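Okay, structure first, notes after.
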Amino acid sequence: MKSPEGFRQEALARLRTEIPGAAIIAASGGIDSTVAALLTQEAIGERSHALFVDTGLLRAGEVERVSAFFEVSELSFTVIDASDRFFAALKGVVDPEEKRRRIGATFIRLFEEHAQRWQTDRLVQGTIAPDWIESGGALRDTIKTHHNVGGIPADSDLKLVEPLRDLYKDEVRELARHLGVPDADRQPFPGPGLAVRVHGAVTPERVARARAANAVVEAEVDRAIAEGTLKRPWQYFAVLLPVRTVGVMGDNRVHGEAVSIRVVDSIDAMTASAVSLPPEVLRRIAERITRELRGDVTRVLYDVTDKPPATIEWE
Ligand code: XMP
């Protein structure tokens, strides 16, 4: 990207050619799809309509936060409550790639239904370069199938419009700041949501556990940032592991699950380094998670692995 304004002008011209009529936009509330939505709205005005899907796999407070932002941005949007469909699609699935494929397919089927309603076959997505690079292809290994790359069924009539396809995250953030998006440095959140952070079966109960643990990690890291004891990391979240581990509650033995905390720094997510969290922050997170998820989570671990060799998400 030479300059954000140069990119914006070129993207607007391209969008106007690629979208002859109406378009729906897959808007997750993240930076990438938000920037794609704002550019599309600017390019084609009221012929664009953003769809925000509540998959049941979102973080605490996400629906409210995203809806409030879309309203302020005067985006035409609909919130689709599809949690039942996502949980049904994920029932009994433990393989991470299969989870991603099913989530991707469920998204696309929903978008197809809404495309009909808006009388269009154009779907705008905020796909960026690492999404398709890591999703593999003829010459590359599949690190993971991004939900917005690998999940599109061959029989779909939808035509993808991807204005940010060649950009990296740091460039999208620069563009977001240029477009006046608030909080352009907020941490990325994967499209398949908490499903990639709940290892093993993705049930509403286990997702609720991961969501509660994640809210604690976010709150305590945000607090450390506000107190000046920590620089804002690239990403900080909780992962629910598929292990049972013994704990004590009062005089009783309990058998709960384990949570790992993952905090990393990165420039573009292609590589990342594990952040050394202050010990008192780690201890407070562990104490709160085991107290607030009493008996359900009995152990909290800290992941100290860089990318490579690990990836950021555990999958
Ligand atoms: P990994 O785990 O490969 O993740 O090191 C790199 C970055 O990508 C985010 N991520 C996703 N973002 N759709 C997205 O939009 C996805 O399917 C997806 N999977 C991972 C991840 O959170 C990290 O920032």
Side-chain angles (χ1 to χ4, degrees), residues 25-37 52-53 55 57-59 62 66 86 89-90 93 95-108 111 123-136 140-152 160 162-165 167-173 176 184-199 202 210 214 217-218 221 232-240 260-275 303-315:
I25 307 161
S28 68
I31 286 293
D32 309 342
S33 61
T34 299
V35 169
F52 174 57
V53 181
T55 55
L57 305 164
L58 299 173
R59 286 171 294 188
E62 192 106 10
V66 173
F86 280 88
L90 289 167
V93 182
D95 176 67
E97 274 296 276
E98 184 59 21
K99 285 180 188 172
R100 284 178 171 275
R101 278 191 289 271
R102 295 208 186 191
I103 290 169
T106 308
F107 267 116
I108 290 295
F111 293 145
L123 171 66
V124 180
Q125 292 197 140
T127 313
I128 62 171
D131 299 351
W132 56 265
I133 292 171
E134 294 203 326
S135 292
R140 288 183 299 271
D141 195 17
T142 300
I143 308 293
K144 63 165 171 284
T145 305
H146 276 254
H147 73 291
N148 52 0
V149 179
I152 298 160
L160 286 183
E162 298 179 318
L164 311 179
R165 215 183 139 71
L167 297 189
Y168 284 81
K169 198 77 169 191
D170 46 329
E171 298 174 304
V172 181
R173 285 183 165 161
D185 289 328
R186 70 173 169 265
Q187 55 170 331
F189 183 63
L194 296 174
V196 297
R197 296 179 181 170
V198 170
H199 291 254
V202 183
N214 193 68
V217 174
E218 288 195 359
V221 169
R232 179 174 296 284
W234 167 272
Q235 254 175 312
Y236 41 105
F237 56 86
V239 180
L240 187 69
S260 175
I261 307 165
R262 180 87 166 130
V263 185
V264 295
D265 263 336
S266 179
I267 305 283
D268 57 11
M270 298 301 282
T271 60
S273 52
V275 169
D303 182 353
V304 292
T305 332
D306 294 338
K307 172 184 182 176
T311 53
I312 294 176
E313 303 292 343
W314 275 52
E315 301 291 318

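Just so you know, ligand 1 is whichever comes first in the structure, and atom 1 is the first atom listed for that ligand. Just so it is clear, the structure is predicted and the values come from calculations on it, not from any experiment.
- When non-hydrogen atoms are compared, ligand 1 lies under 4.0 Å from the side chain of Lys307 (C-beta onward) but not from its backbone.
- Between Asp303 atom CG and Arg262 atom CZ the span is 4.0 Å, to the nearest 0.5 Å.
- Glu171 CD to Leu164 CG: the interatomic distance, rounded to the nearest 0.5 Å, is 10.0 Å.
- In this structure the side chain of Val196 reaches within 4.5 angstrom of the side chain of Arg100, judged on heavy atoms.
- The CG atom of Asp95 lies 9.5 Å from the CZ atom of Arg102; values are rounded to the nearest 0.5 Å.
- Expressed to the nearest 0.5 Å, how far NZ of Lys307 lies from CG of Asp265 amounts to 14.0 Å.
- Each of the atoms 13 (N), 14 (C), 15 (O), 16 (C) of ligand 1 lies under 4.0 Å from some heavy atom of Gly191.
- Between Ile312 and ligand 1, a contact under 3.5 Å exists for at least one N or O pair.
- On a distance-only criterion, Glu313 and ligand 1 share at least one N/O pair closer than 3.5 Å.
- Note that the CD atom of Glu62 and the OG1 atom of Thr55 stand 9.0 Å from one another [nearest 0.5 Å].
- Contact between Trp314 and ligand 1 is absent, with no heavy atom of the residue lying under 4.0 Å from the ligand.
- Residue Trp234 approaches ligand 1 through these ligand atoms, each under 4.0 Å from one of its heavy atoms: 24 (O).
- Ligand 1 has an N or O atom lying under 3.5 Å from an N or O atom of Gln235, backbone or side chain.
- For the pair Leu194/Phe189, a side-chain contact is recorded, criterion being any heavy-atom separation below 4.5 Å from C-beta on.
- Closest heavy-atom approach to atom 10 (N) of ligand 1 among the candidates Gly30, Pro188, Pro190: Pro190.
- For the pair Arg100 and ligand 1, the shortest N or O to N or O distance falls below 3.5 Å.
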